[in-house]
Structure formats: structure tokens, C-alpha cells
Enquirer: 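Please see the structure below; I have some questions.
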Amino acid sequence: MSDQDDQLYAMRHSLAHIMATAVQRLWPEVKFGVGPVVQDGFYYDIDLGEAKISEEDFDKIEAGMRQVIESDVPFERFEQPIDEAIAWARDSGQPYKEELLNDLKRDGTTVAKDLDATELGTIAEGQAHVENVSFYKNGDFVDLCRGPHVESTGKVGAFKLMRVAGAYWRGNEQNPQMQRLYGLAFATPKELRQHLDMLEEAKKRDHRRLGQELDLFVFSEMVGSGLPLFTPRGTVIRDALLGFSEELQRNNGFEKVFTPHITKQALYERSGHWAKFGDELFLVKSQETSDQFVLKPMNCPHHIQIYASRPRSYRELPVRYMESTVQYRDEKKGELNGLSRVRAISIDDAHVFCALEQIEAEFTNIMNMIKDMYSVFDMKFRARLSFRDDSEGYLGDPAVWEQAQQTIEDVAKKLGLNYTVVPGEAAFYGPKIDIMVTDALGREWQCATEQLDFVQPERFGLTYIDTDGKEKRPVMIHKALLGSVERFLAVYIEHTAGRFPIWLAPEQVRLITVNQEEATTGFAAEIAAQAKELGLRLTVDNSNESVGKKIRAAELLKVPYTAVIGEKEISSREVVPRIRKDVVVQDEPRAIGIEEFLKTVANEAKTRVTKTSL
RNA sequence: GCCACCUUAGCUCAGCUGGCUAGAGCGCCGCUUUCGUAAAGCGGAGGUCUGGAGUUCGAAUCUCCAAGGUGGCUCCA
């Protein structure tokens with residue numbers, strides 16, 4: 001961390017205390033939880049019992065905060081023996097602080113199991129035996145806190161309270177729910193302004209909004225939440241994305257398979273998913289048999305059945321099956337969100353069955369596809385190597401894990417990936433590489449993934465006959481390049497602000513007729529027929545509107561190429577294409593023969609270029 | 001599921017502290033116009049104000065319940 005980061009951290013943290021001070025003055029009975037620094041700001045968890053804070057109270061609280069800031073009182077640090085601190089918490093009616101202190105005393109840490117490090121969690125860093133704990137005092141407000149803080153309440157930058165949200169004490173559903181007050185904080189008003197502008201831009205690019213404006217997908221209350229319906233325009237993009245993924249995979253040794261969308265529950269009992277994720281499966285009832293069916297939430301057990309359908313030789317390995325299909329998961333209602341989280345999920349899924357010593361080649365193969373794919377999307381990514389830690393609950397031989405993790409890291413190194421190792425993030429069945437993609441607004445999303453699985457081959461008793469004639473156990477690799485197509489689309493719509501590259505644009509060329517005379521519309525129809533033969537998505541707008549208005553309509557739909565068709569074009573058989581500004585290289589529009597124009601665009605679509613040569 | 005907020009025409013929104021047949025722009029339909037690179041003109045249709053109950057002489061407006069949505073929390077094979 002740089003000094004500047006330290007300063008920003010201290011400032012944000014101090015603002016959390018200042019907000020708490022203001023809240024306590026307004027609601028003296030408030031009970032405090034934790035108030036850490038988060039990305040772009042801070043929050044504080046509070047419990048007001050029956051009373052609730054709403055966003056309407058923000059003016060009041062902000063005014064209170066400004067008062068504290070203007071008073072410019074120092075943040076004073078002092079220490080207390082832990083037992084005295086516990087007594088303080090009890091006496092001042094702060095049961096949450098008391099609980100934290102008791103944990104601190106007992107465990108030397110406040111980090112509850114399954115809980116990320118919090119502000120207080122780091123208090124005890126490197127001190128297993130806690131004797132003293134530190135407090136910070138600003139004016140009449142005292143808080144248990146590791147710090148650091150700025151010197152005085154006047155030394156904070158620009159802030160703005162953003163929202164109030166519910167949050168369970170220590171992130172556990174069984175615990176009481178507190179209110180979390182979020183604030184943004186930056187060193188200067190200018191940076192705050194910039195951040196608010198970014199949020200504004202993000203709102204404009206929101207895929208739910210653009211999905212409607214660009215006519216890509218809809219929801220229907222009668223169909224159900226989390227079940228998007230794709231319009232013709234949206235379906236063009238879906239198909240193009242999946243087609244791209246399949247093309248990459250086919251070129252890299254994957255074979256397409258197909259499996260039905262329902263299966264007997266027994267399959268998932270065997271795979272172990274029923275025990276772990278049973279409540280997320282949609283149940284399907286047969287009226288003919290007594291079998292219990294489920295909608296498939298994933299494909300691995302199905303692909304396993306294909307692999308297991310006959311004995312396999314080492315000569316066949318690796319076996320690579322791909323299937324881009326819809327999977328169904330009954331997500332909780334509060335989790336659904338536009339296309340980012342749906343209940344019918346299309347995944348460009350694939351499974352590799354291979355020998356242990358083939359892992360390196362297979363991981364490399366898949367990672368190369370990921371690199372190819374995201375360079376076409378013009379998106380940067382980094383790899384998160386999710387490895388095991390020392391805790392229990394990982395299945396399989398630790399020595400094999402160790403070796404596999406080493407192999408995976410070697411692959412990442414060899415390919416020159418920007419990667420980080422994250423211990424403790426592995427799935428229980430194996431280590432994995434998650435790809436974090438950065439969008440145009442600098443936000444990170446998990447898209448592609450590549451996961452090793454030692455467990456399912458075991459559970460299903462998969463084998464192959466090795467060179468020595470003996471049965472061996474293969475390992476499995478799960479992979480997705482796009483991940484969920486719906487979520488990828490959400491990310492990509494926001495990344496491009498709906499300005500899709502030529503190969504993905506639902507409508508690649510739009511012809512605008514100057515008038516509705518036979519000669520004009522006939523000529524446009526002639527061009528449309530040629531375009532169709534070239535596989536182009538071209539439409540003709542010969543509605544009875546002004547040329548200006550029709551151009552505007554095409555602009556709003558973000559069509560990459562527009563051409564006006566009138567007398568001039570009919571006689572010269574040339575057009576002056578209007579090119580969307582993110583695609584264009586030279587800004588002097590120039591005339592081009594219609595045939596050449598169409599062929600060029602068709603070629604650009606085929607080669608998936610992001611800039612035009614026109 | 002929990003907390004906060006939101007829900008008025010296909011879309012975006014107005015409708016002040018409760019008061020005549022609920023408005024606008026865009027879109028849609030019709031007519032006029034036959035037009036040259038981001039909005040031609042005129043006319044029309046379209047709303048049981050998300051649903052239900054209540055308070056009131058009177059409810060889009062206030063209260064309660066429900067549904068859907070948004071932002072979080074939680075979870076994520």
C-alpha cells in the first residue's frame with residue numbers, strides 16, 4: 001500500500017466513525033456492529049431495534065457529520081486491558097462490540113469462521129494473546145478500533161451517503177439483521193464527482209435498460225422471474241456468441257454432444273449434488289412412472305454417462321465433450337437480477353476426461369481458447385488460481401492436489417497470464433482457475449472458468465485401461481469459456497454500451513430510402529437480396545418518414561452501417577456508408593461500390609474485426 | 001428469504017399539502033407530404049393510476065396487506 005492509499009484508508013475509516021458519531025447523536029440508543037472501509041468508501045452496521053433508518057434520514061445524518069467535521073476534534077488513540085474493554089462495552093450497551101471483544105479475548109481474533117476479515121478482524125493480526133485493545137475517541141464518541149485514523153475530524157475528504165441495506169450480524173442468517181449505511185468517500189470533491197459520474201454512466205449502460213432500448217430480451221410476469229425471453233435481435237447475439245465458442249472448441253478438439261434437459265433425481269444423488277444443492281433443483285413429476293425427475297442444473301453427470309457407456313482405452317484420452325445448453329437452478333428470489341442472475345442459464349459447458357499427466361496440456365489448451373476469445377472481445381482479464389488451504393473438507397489425495405496445483409501454476413506462468421493464487425478458494429472437488437474479466441468501466445466479472453475434478457470420476461467409478469492393461473482413474477476438467485451466456489451478455493452489453501461489433505450486431509447494415517418511389521424501394525430490395533446471399537443482416541427502412549428521422553432511428557439502435565439510398569445511388573451504384581463512430585477508423589466518409597461495400601462488411605463479420613477497413 | 005426503496009399509457013415521466021371527465025413527450029395507427037445524413041405537419045387510439053382492504057363527503061395521493069421490481073445482505077456446482 002502506498003502512503004496515499006494509507007491516507008485514503010484512514011480517511012474513509014474516520015468517516016465511518018464520524019457517521020457513527022452523527023448517528024449516535026440522533027439515535028442515542030443505537031447499537032453498533034462493525035464499520036470497515038470498503039472499495040470506494042465505508043459502511044457502518046447499526047441496530048436501532050424497532051426504529052429504522054431510511055434514505056430520507058441521510059440529509060440529517062450528513063448534516064450531523066458535517067458538524068463533526070467542522071468541529072475538527074482530534075482522533076485520540078488509547079489502550080485498555082481487554083477485560084476493562086469488555087466491561088465498557090457491557091456498560092455502554094454495545095452487545096455486538098462485547099461479543100467481538102469476547103472473541104478477541106478467547107481466539108485472538110474476531111474473525112468468525114466463514115467470515116471475511118473485517119475492520120475488527122484485523123485488530124488482532126499477529127497477536128495471538130490479546131491483552132490490550134485500542135480505542136479511538138473523537139469528541140464524545142468512543143469506539144473500539146484498530147485504526148489508523150486521520151489526526152482530526154476535519155481532515156477528511158469528500159463523502160456522500162449512498163444507501164441503506166440490510167446485513168446480518170457477522171454475515172450469518174441466524175443472527176439479527178442490522179442496517180448497513182454505505183457512504184462513498186474520496187480525497188477530493190473532484191474524485192467523488194468523477195465516481196458519481198462513473199455510476200451515472202454505469203446506469204446508462206445498465207444491460208436491463210439497454211436490453212429494452214435495443215430490443216434484446218424481455219421478461220414476463222406470466223413466465224416467471226429470472227426467465228428471460230430473447231427477442232429476434234437478442235437471439236442473433238446469443239447464437240453468434242455460442243457459435244463463436246463452439247467454433248473455438250471444435251478447432252481445439254472438442255466434440256459436441258447432446259443430453260436431455262430432465263433426468264432422474266438418482267443421477268444427482270450419485271454425483272453428490274443432490275445432498276449439497278438439492279434445494280436449488282427444479283423438481284419434475286412424471287405422470288407415467290414413479291421416478292422423480294429434476295431439470296438438469298449442470299451437465300457433468302450426463303457427460304459422465306456418455307464416457308462410462310463403454311470401456312475406454314488410454315488411446316482415446318483425452319475425451320472432450322462440449323454442450324452449449326440451458327441449465328436450470330432455482331435461485332432464491334432476492335438473487336435474481338436482469339440477465340446477470342437467471343434461473344434458466346445457458347452455458348458453453350464442456351468436460352474433459354483425461355489422465356493425470358495430461359492435465360498440463362489440457363489446461364493449456366483451454367487457457368489458449370480463453371485468451372483467443374477475450375482478445376476478440378477486446379477485454380482484459382486476469383486469472384485467479386483457486387487452490388486449497390489446510391482446512392478439512394477437500395476430497396481426494398492431498399499429494400495429487402499439490403501436484404495438480406503446481407501444474408496449474410506452471411501453465412499460468414508459461415502462458416504469461418496475469419494471475420494471483422488464492423488459497424482456500426478451491427472447490428471441494430478440485431483446484432480451479434477463474435477468469436476475472438475487466439469491463440470498460442473498470443469493473444471485474446467472473447466469466448470463464450476451468451476446474452479440475454477428482455471427485456466425480458471417483459463417485460461414478462470412471463476408468464480407462466492404461467498401457468499396462470490395468471484400470472486407471474481419469475480426472476475430469478470442467479470448463480466454460482463464456483460462462484453463463486446470459487451473464488456474459490449482461491457484462492458485454494455494459495462493456496460495449498450496446499455498440500456491438502459487426503459480427504455480433506443484430507442488424508449490421510440499414511438502408512434508408514429517400515422516398516417511397518418504386519425505383520428507390522426496388523433498388524433497396526435488390527441490395528437486400530445480395531446481402532442475404534452474403535449472409536449479412538441487412539434491413540431496409542422505407543417508412544414514410546424524413547431521412548433525418550430514419551437516420552436517428554438507426555443511430556439509436558446502434559446499427560454499425562447505415563446507407564441512404566436515393567437517385568444518386570441508383571445511378572452511380574455506389575453508397576456513402578455512415579459508419580458508427582467506434583467502428584470507424586478514418587472519419588472522411590467516402591463512396592464505395594455497393595457490391596464491394598457488402599462484401600467488405602460480410603468479410604469483417606466473418607473475421608470478427610472490431611474496426612472497419614472502410 | 002431478510003432490510004430499505006420503488007410501481008401512473010408500449011417506453012420515459014408530470015400530477016403541490018386528498019378535490020371536476022388523470023396529463024406530456026416518444027412510440028403506435030390514420031391522413032397530408034415524396035423528402036439527402038440525429039426528430040416534417042395534422043389528427044386518432046391507448047390508463048379499473050400493480051392488486052386487495054381500510055380511513056374519508058371525496059383517494060393516483062393517507063394507512064394496512066399482497067404481488068412485481070430496484071439496491072444491499074446471504075448463497076453460488
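Chain letters run A, B, ... following the sequence lines, proteins first and then strands; every chain starts at 1.
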Enquirer: From C-beta outward on K568(A), which listed nucleotide comes closest to its side chain: C11(B), G36(B), U33(B)?
Expert: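 So the side chain of K568(A) is nearest to G36(B).
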Enquirer: To the nearest Å, how far apart are Q516(A) CD and U33(B) P?
Expert: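 My rounded result for the distance is 12 Å.
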Enquirer: From the options A39(B), C35(B), U37(B), select the nucleotide whose nearest atom is closest to the side chain of R552(A).
Expert: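 Minimum distance to the R552(A) side chain belongs to A39(B).
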Enquirer: As a test of reading the structure: which of A77(B), G71(B), U37(B) is closest to the side chain of I551(A), going by heavy atoms?
Expert: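 When the side chain of I551(A) is considered, U37(B) is the closest of A77(B), G71(B), U37(B).
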Enquirer: Suppose we define a pair by two distances each less than 3.5 Å, Watson-Crick or G-U wobble; what does C11(B) pair with here?
Expert: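 With both distances under 3.5 Å, C11(B) matches G25(B).
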Enquirer: Could you check whether the side chain of N544(A) and the base of U32(B) have a donor-acceptor pair of N or O atoms closer than 3.5 Å, going by distance alone?
Expert: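 Counting by modelled atom types and ignoring angles, a donor-acceptor contact under 3.5 Å is found here.
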Enquirer: Reckon E517(A) touches a base, only the sugar-phosphate, or nothing at all at heavy-atom distances under 4.0 Å?
Expert: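 Touches sugar-phosphate only.
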Enquirer: What integer distance in Å separates R487(A):CZ from A77(B):P?
Expert: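 Whole-Å distance recorded here is 11 Å.
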Enquirer: Which part of the nucleic acid does R180(A) contact within heavy-atom distance under 4.0 Å: base, sugar-phosphate only, or nothing?
Expert: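 Counting heavy atoms under 4.0 Å across all strands, the contact made by R180(A) is with sugar-phosphate only.
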Enquirer: Is R578(A) salt-bridged to E555(A), cutoff N-O under 4.0 Å?
Expert: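 A salt bridge links R578(A) with E555(A).
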Enquirer: Both S546(A) and H478(A) contact RNA chain B. Which one's nearest nucleotide lies toward the 5' end?
Expert: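 With S546(A) and H478(A) compared, the 5'-side residue is S546(A).
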Enquirer: To the side chain of V564(A), which of U37(B), A77(B), U34(B) is closest?
Expert: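 For V564(A), the side-chain atoms sit closest to U37(B).
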Enquirer: Look through every strand shown and name the nucleotide pairing with A77(B) as Watson-Crick or G-U wobble, where both distances are under 3.5 Å.
Expert: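 Per the H-bond distance test, none.
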Enquirer: Expressed in whole Å, how much space separates the P atoms belonging to G51(B) and U7(B)?
Expert: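 Looking at atom P only, G51(B) and U7(B) are 13 Å apart.
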Enquirer: Indicate, with a heavy-atom threshold strictly under 4.0 Å, whether Y429(A) touches base, sugar-phosphate, or nothing.
Expert: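 Sugar-phosphate contact only.
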Enquirer: So which nucleotide from U70(B), G36(B), C3(B) ends up closest to the side chain of V547(A)?
Expert: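 Of the options given, the side chain of V547(A) lies nearest G36(B).
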Enquirer: Record whether the side chain of Q212(A) comes under 3.5 Å of the base of G10(B) through a donor-acceptor pair of N or O atoms.
Expert: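 Donor-acceptor pair under 3.5 Å: no.
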Enquirer: How far, in whole Å, is A60(B) from G44(B) if one measures between their C1' atoms?
Expert: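 G44(B) and A60(B) have their C1' atoms separated by 26 Å.
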Enquirer: Is it true that atom CD of E567(A) has more than 12 heavy atoms of other residues, nucleotides or ligands lying nearer than 6.0 Å?
Expert: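 Result for CD/E567(A): open.
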Enquirer: Mind checking who C31(B) pairs with, Watson-Crick or G-U wobble, both distances under 3.5 Å?
Expert: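 Looking at the geometry, C31(B) pairs with G41(B).
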Enquirer: Could you give the distance separating G10(B) and C6(B) at their P atoms, to the nearest angstrom?
Expert: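 It works out to 23 Å between them.
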Enquirer: In whole Å, what is the span from the CG atom of L214(A) to the P atom of U12(B)?
Expert: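 Computing the L214(A):CG to U12(B):P distance gives 14 Å.
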Enquirer: Regarding Q327(A), tell me which of base, sugar-phosphate or nothing describes its non-hydrogen contacts under 4.0 Å with the strands shown.
Expert: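 Since no nucleic acid heavy atom lies under 4.0 Å of Q327(A), the category is nothing.
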Enquirer: What integer number of Å spans the C1' atoms of G52(B) and C57(B)?
Expert: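 That atom pair is separated by 23 Å.
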Enquirer: So what does G566(A) hit on the nucleic acid, given a heavy-atom distance under 4.0 Å: a base, only sugar-phosphate, or nothing?
Expert: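 Base: the residue G566(A), judged by heavy atoms under 4.0 Å, touches a nucleobase.
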Enquirer: Take K160(A) and E62(A) through the salt bridge (Lys or Arg N to Asp or Glu O under 4.0 Å) test and state the conclusion after the steps.
Expert: CA-CA 8 Å; K160(A) 182 174 162 57; E62(A) 286 186 353; 5.2 Å; no
Enquirer: So, is R208(A) near the phosphate of G71(B), with a side-chain N or O under 4.0 Å from OP1 or OP2?
Expert: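 It does, given that an N or O in the side chain of R208(A) lies less than 4.0 Å from OP1 or OP2 of G71(B).
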Enquirer: Are any of the side-chain nitrogens in E526(A) or R573(A) under 4.0 Å away from the carboxylate oxygens of its partner?
Expert: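 Yes.
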Enquirer: Give none if G51(B) has no partner; otherwise give the nucleotide forming a Watson-Crick or G-U wobble pair with it, both distances under 3.5 Å.
Expert: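 For G51(B), the partner nucleotide comes out as C65(B), under the 3.5 Å rule.
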Enquirer: Can you tell which of A77(B), A40(B), G36(B) lies closest to the side chain of K549(A)?
Expert: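 It is A40(B).
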Enquirer: Touch check for Q451(A), heavy atoms < 4.0 angstrom, all strands: base, sugar-phosphate only, or nothing?
Expert: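 The answer is sugar-phosphate, as Q451(A) gets under 4.0 Å only of primed atoms, P, OP1 or OP2.
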Enquirer: Say we look at C62(B) and G15(B): how far apart would their P atoms be, to the nearest angstrom?
Expert: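 Here C62(B) and G15(B) have their P atoms 13 Å from each other.
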Enquirer: Is there a salt bridge (Lys or Arg N to Asp or Glu O under 4.0 Å) between K432(A) and E450(A) once you walk through the steps?
Expert: CA-CA 6 Å; K432(A) 56 180 180 173; E450(A) 197 176 354; over 6 Å; no
Enquirer: Consider the side chain of E280(A), meaning its heavy atoms from C-beta on, and name the nucleotide among C35(B), C3(B), A77(B) that approaches it most closely.
Expert: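 Among the listed nucleotides, the one closest to the side chain of E280(A) is A77(B).
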Enquirer: Rounded to whole Å, how long is the line connecting atom CD of E574(A) with atom P of G36(B)?
Expert: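 Nearest whole value for this atom pair: 21 Å.
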Enquirer: By nearest heavy atom, map D206(A) and K550(A) onto RNA chain B; which one lands nearer the 5' end?
Expert: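 Counting from the 5' end, the first nearest nucleotide belongs to K550(A).
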Enquirer: Is the shortest side-chain N to carboxylate O distance from K204(A) to E494(A) below 4.0 Å?
Expert: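 No, K204(A) and E494(A) are not salt-bridged.
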Enquirer: From the set U34(B), G71(B), A77(B), return the single nucleotide nearest to any side-chain atom of N337(A).
Expert: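 Of all the options, the side chain of N337(A) is nearest to G71(B).
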Enquirer: Whether Y43(A) contacts G72(B) is assessed here as follows: a side-chain N or O lying under 4.0 Å from the phosphate OP1 or OP2. Is that the case?
Expert: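 So the side-chain polar atoms of Y43(A) never come under 4.0 Å of the phosphate oxygens OP1 or OP2 of G72(B).
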Enquirer: Taking atom P in both C16(B) and U61(B), what distance in whole Å separates the two?
Expert: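 Each nucleotide's P atom is 11 Å from the other's.
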Enquirer: Mind checking the P distance from A59(B) to G18(B)? Whole angstroms is fine.
Expert: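 Their P atoms lie roughly 13 Å apart.
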Enquirer: Return the nearest nucleotide to the side chain of P297(A); candidates are A40(B), A38(B), A77(B).
Expert: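 Shortest atom-to-atom distance from the side chain points to A77(B).
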Enquirer: Taking any heavy-atom pair under 4.0 Å as a contact, classify T520(A): base, sugar-phosphate, or nothing.
Expert: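 It contacts nothing in the nucleic acid.
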Enquirer: Determine the Euclidean distance between corresponding C1' atoms of G23(B) and C49(B); express it in Å to zero decimal places.
Expert: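 Comparing C1' positions in C49(B) and G23(B) gives a spacing of 12 Å.
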Enquirer: Quick one: which of G36(B), A40(B), C76(B) gets closest to the side chain of R341(A)?
Expert: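 For the R341(A) side chain, the nearest candidate turns out to be C76(B).
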Enquirer: In plain terms, say whether E574(A) and K568(A) are close enough for a salt bridge, that is, a side-chain N and a carboxylate O under 4.0 Å apart.
Expert: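 Not counted as a salt bridge, because no side-chain N and carboxylate O are separated by less than 4.0 Å.
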Enquirer: Identify whether any heavy atom of F219(A) sits under 4.0 Å from a base atom; if not, whether one sits that close to sugar-phosphate; answer base, sugar-phosphate or nothing.
Expert: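 If one applies the 4.0 Å heavy-atom cut-off, F219(A) turns out to touch nothing in the nucleic acid.
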Enquirer: I'd like to know if D215(A) pairs up with R233(A) as an ion pair, taking the criterion as any Lys NZ or Arg NE/NH1/NH2 lying under 4.0 Å from an Asp or Glu carboxylate oxygen.
Expert: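 So D215(A) does not pair with R233(A) through a salt bridge.
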